[in-house]
Amino acid sequence: MITTTFLMAITAIRRNAMRSFLTTLGVIIGVASVIAMVTLGRGATASVTNDISSLGNNMLIIVPGADRRFGSSSSAQPFTQNDVRAIREEVPAVALVAPTSGGAARIVYGNQNWSTGVTGADNSYLRVRNWVVELGREFTDGELRTGEAVCILGETPRRELFGAGDPIGEQIRVGTVSCEVIGVLESKGTSTFGEDQDDFILMPLVTFQRRISGNDNIGAILVSATEGVPTRDAQLDLIALLRQRRRIHVGDEDDFVVRDMQEIGQVVSTVTGVLTTLLGAIAAVSLLVGGIGIMNIMLVAVTERTREIGIRMAIGARAGDVLLQFLVEAITLSVLGGVMGIALGLLGSYGAATAFDLPWVPGLDVIVGSFVFSAFVGVFFGYYPAHKAAQLNPIEALRYE
Amino acid sequence: MTTLVEIRDIRKVYGHGETEVRALDGVSLDIAEGDFVAVMGPSGSGKSTFMNILGCLDVPTAGSYRLRGIEIGKLDRDTLALLRRHQLGFVFQGFNLLARTSALENCELPLLYQGVPGAERRKRAMEALDRVGLANRAHHLPNELSGGQQQRVAIARALVSRPAVILADEPTGNLDSTRSEEIMKLLVELNDKQRITIAMVTHEPDMAAYARRVVIFKDGRVVSDERKSGVVHAPLPEQGGAA
């Protein structure tokens, strides 16, 4: 009986194909927007998480200056090589320490020139930040110690200066310094926030201090926490050590900041997660509105088909049979809408993800969830019209014009 | 001959107090298997109410109605529906076929509710259409058929469930005289050859003339019940030997 009822529902829907489509449009749009919103939201979360981990695993960044809401003040005293040594020796929670100093410079090769960031650092910087030298080599200990004029290019400056040519062994000018290219970094691409992560060059810290900045200052220290040690512990140890070394009295504010990138990543993921839920919920409301559309049309259909209901009852349909017929019709409509909405939502989110350069992460849970929800919408909003149809008096229904 | 319908002193009252209407005021009637009864009477005579009760679409306020020995008056809606499903076939004045549904599918409908499997359903529906001479129109939609053909499809639909009684409510009311005659001849043939019991409401004496028996209603009572000398009919089987 349920299969024949289902077939009757399909027949009724097909008899009125255009109106059925318009009826389900609400559900189609509702389901499609739930799926698109959640899929895109998750894509954004994945993208942010990916960005954070591309900064480096377990990474902490130590910069001078008090933690102000709008950036740190530059008046604070910079770090020295002694601070770096002390961290290496006295904080076992820290595995790698990478002192860096940075600035901006114009780099020139032949008639090509490009403005980019210049970072002075050693090889541990590559480890902490997960950079891979794709072409050429890393710095040698000798180059690092004596401050040789060598540099490793990010993908963007390489492309701007050399195009298709081989940069290894070529001399470029960095500001006023002539410098040999010894390597090229593997590209990390653009971050979610639209920043080109490949737009910088690396040179040994000593070279940078002597030839470009002209002082011994260390602008920032990047460290990675030892495997298995919570970054929070490493952070507390570092704060304690640096407060002592910088002679900050108890109760005074730190004049430096230890940022935990993982923590920032978690905060950002939480925020995008909340946004995703919110967008999904708003989209779910539109699905509910779609359900009301179905109820509306089913009520019209019951009135319009009063005579049909009378005929069916005269032939021997019980109230339950009529109820089931209209209920199955409503559920079929909303489930059809759900299926079309899933297809549309996946397609739409794929297009949008491609356009916004986000990863496309369709989740089975959203697909199944919105499908079940659309079926539920059919039951919920189809019941009242179906009940109304079932309660008709056959004599009056047959007389209905 | 077997008595199919036993009606004893049924009453149907609508409203109460000053607005009380006695649509049926003590009607008793038996219908034998294989009979063909024409029910006549002016409008308001109670014949429609009588047919509704006979068709198990309504129940009497008082009195007894037994269909094949089953007392109808005490049954609920769903049981009445099951009785209609298995014991009764309806033919209406306005044909009442499902729109945008082929003749064959219309005929299958009662079997669908009886839960007859698809292949047998199709076969029996085709047989019923064949019996009314419309096998070649099985896949036509009602709006592609003439009035007379639509009424034949409706008769086939009433036949298909092998009912105890076919109830026809002004079956020729929407047809011209030629088509009316065709329909009546079909009903007579079904009654004569297949021993199908028919109860028909009509207000046209010409149509009533095709029946074996004419019952006339007035003011909620039976005022006349005449068996006609069978001019067009084969004799009723007097002894209970089932055909």
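Computation of the quantities below employed the complete heavy-atom set of this structure, encompassing side-chain atoms and omitting hydrogens, waters and symmetry-equivalent molecules. Please read all numbers here as calculations on a predicted model, not as lab measurements. Protein chains get the first letters and strands the later ones, always in sequence-line order, with residue 1 at the start of each.
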About how many Å separate [atom2] of [Y] and [atom1] of [X], when rounded to the nearest 0.5 Å?
X        : Y        : atom1 : atom2 : result
A:Ile395 : B:Thr49  : CD1   : OG1   : 8.0 Å
B:Leu82  : A:Asp321 : CG    : CG    : 8.0 Å
A:Arg15  : B:Leu141 : CZ    : CG    : 9.5 Å

Structural part of A:Glu396 lying under 4.5 Å from a heavy atom of chain B: neither
Toward chain B, the part of A:Ala390 with a non-hydrogen atom under 4.5 Å: backbone
Donor-acceptor side-chain pairing of B:Thr79 and A:Arg318 below 3.5 angstrom: no
Neighbourhood of chain B inside residues 291-313 of chain A, taking heavy atoms under 4.5 Å as contact: A:Arg307, A:Glu308, A:Ile311, A:Arg312, A:Met313
Considering residues, nucleotides and ligands other than [X], do more than 12 of their heavy atoms fall under 6.0 Å from its [atom1]?
X        : atom1 : answer
A:Phe356 : CZ    : no
A:Asn393 : CG    : yes
A:Asp357 : CG    : no

Student check: side-chain heavy atoms of B:Arg100 and A:Thr11 closer than 4.5 Å: no
Minimum side-chain heavy-atom gap B:Arg77-A:Gln391 below 4.5 Å: yes
Check: B:Arg84 side chain, A:Gly316 main-chain N or O, donor-acceptor pair, under 3.5 Å: no
Full working for side-chain contact (heavy atoms from CB on, under 4.5 Å) between B:Phe92 and A:Leu398: CA-CA 9 Å; B:Phe92 303 96; A:Leu398 278 169; 3.6 Å; yes
Structural part of B:Ala158 lying under 4.5 Å from a heavy atom of chain A: neither
Contacting moiety of B:Leu97, where chain A heavy atoms sit under 4.5 Å: backbone
Heavy-atom pair of closest approach, residues B:Leu57 and A:Ala314: CD2-CA, 4.1 Å
Heavy-atom pair of closest approach, residues A:Ala317 and B:Ala81: O-CB, 3.7 Å
Which of B:Gln114, B:Arg157, B:His86 touches chain A most, by non-hydrogen pairs under 4.5 Å: B:Arg157
